[in-house]
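Only heavy atoms go into these numbers, but all of them, side chains included; no hydrogens, no water, no symmetry mates.
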Amino acid sequence: MTVIVPGPGNAFANHYTAAAYVHNGFGKSAGLVQVEELGTLETPIALTNTLNVGKVWDALVDIVIEQCQNDGLEPMSINPVVGECNDCRINQIQKRAVGEKEVRQAFAVAAEEFEEGDVARRGTICYGMKGGIGSASRVICIGEKEYTIGVLVQSNFGATEDFVLNGEAVGPKILEWKQEKNDMAASEEDKGSIMSILATDLPLTSRQLKRILKRTGVGIARTGGYTGHGSGEVMIGFTTANRIPSGREEELLQISAIPEHVINRAFLAAAEAEQEAILNSMTAAKQTRGREGELYYSLAEYLKDREA
């Protein structure tokens, strides 16, 4: 599993301006309704597999309660945000192996520098090859200041024949490559899900953040995805600017936001970072066998053979 800690301090005490966008809702994520309604994030974000959402949600509640008690707070309601992908083609998902122990371990090793690939998502498949965790970022300039837009994905979607790499339709070529290896483990249809988490320090309203989030769908499309029936495309975003104090009695809050006429820079950055994060998740992953013995290659293996 994976945890995304928005920043230092207690998110429950000082909420993050946030947004959620469900491009296709074939999924079992938790906490999105309140993020959509209030435009804030009050806990870290956790990513796991489909049947462990409830167990991870429960562990997050305990962790946030402990943090609040240490800070002298008494939370009466907590909205943990948990995303998921179904990894049943590689993992025996009914075992529900992820719980509080694994959640706490993830928090213990969470850091700004982290590994990509299948280090935390060993069961995901992307375009018939091994998927996992990928990330990428872009820096944009507004006024005289630079801002970062970062994307982390948990990739588990796409049919092999639809895969596009940097504008080249390589899916059919990968199918031929697999046939030469006498291994036809491939996704014949677009199924699975992709979780996309966008983080930025750009001052935004929740509405603006949601607009930017939608552009991660452009990055998905650039890799060949078309949002099939069985695919869940869920996007969650937050900004470290415009923190919202919790439990205060002020009647007015002051926030800053970019003007709409410069938002295209953020749109392009989100699309590019999403596309690169997906590709990074595939190239950093290692080949893995499925439950029926089929082999899911890393994209890096195909690229190495093509260059040879």
* To do: Return the set of residues passing side chain to side chain contact (heavy atoms under 4.5 Å, CB included) with L38 (not counting sequence neighbours), or none when no residue passes.
  => Q34, T40

* To do: Could you list all the salt bridge (Lys or Arg N to Asp or Glu O under 4.0 Å) pairs where at least one residue sits in residues 262-282, not counting sequence neighbours?
  => R138-E272, R138-E276

* Pairs satisfying salt bridge (Lys or Arg N to Asp or Glu O under 4.0 Å), at least one member in residues 33-58, at least two apart -> E36-K210

* Would you please name every residue forming a side chain to side chain contact (heavy atoms under 4.5 Å, CB included) with N24, sequence neighbours left out? => F26, T227, E233

* To do: Tell me, please, which residues at least two apart from Y147 pass ring-ring contact (aromatic ring centres under 6.0 Å, His included).
  => none

* To do: Please collect all side chain to side chain donor-acceptor pair (under 3.5 Å) contacts where either partner lies in residues 211-221, sequence neighbours excluded, each pair once.
  => R211-E260

* To do: Give every residue pair that meets the salt bridge (Lys or Arg N to Asp or Glu O under 4.0 Å) criterion with at least one member in residues 65-85, sequence neighbours excluded.
  => E66-R104

* Asked: With A97, which residues qualify under side chain to side chain contact (heavy atoms under 4.5 Å, CB included), at least two apart?
  -> none

* Structure fact -> Residues at least two apart in sequence or cross-chain that pass salt bridge (charged side-chain N to carboxylate O under 4.0 Å, His left out) with K286, listed by chain then number, are none

* Asked: Who pairs with Q94 by side chain to side chain contact (heavy atoms under 4.5 Å, CB included), at least two apart in sequence or on another chain?
  -> Q92, R291

* Structure fact -> Those residues at least two apart in sequence (or on a different chain) that pass salt bridge (charged side-chain N to carboxylate O under 4.0 Å, His left out) with E301 are none

* Structure fact -> Connected to I93, directly or through other members, by ILVMFWY side-chain contacts below 4.5 Å are L51

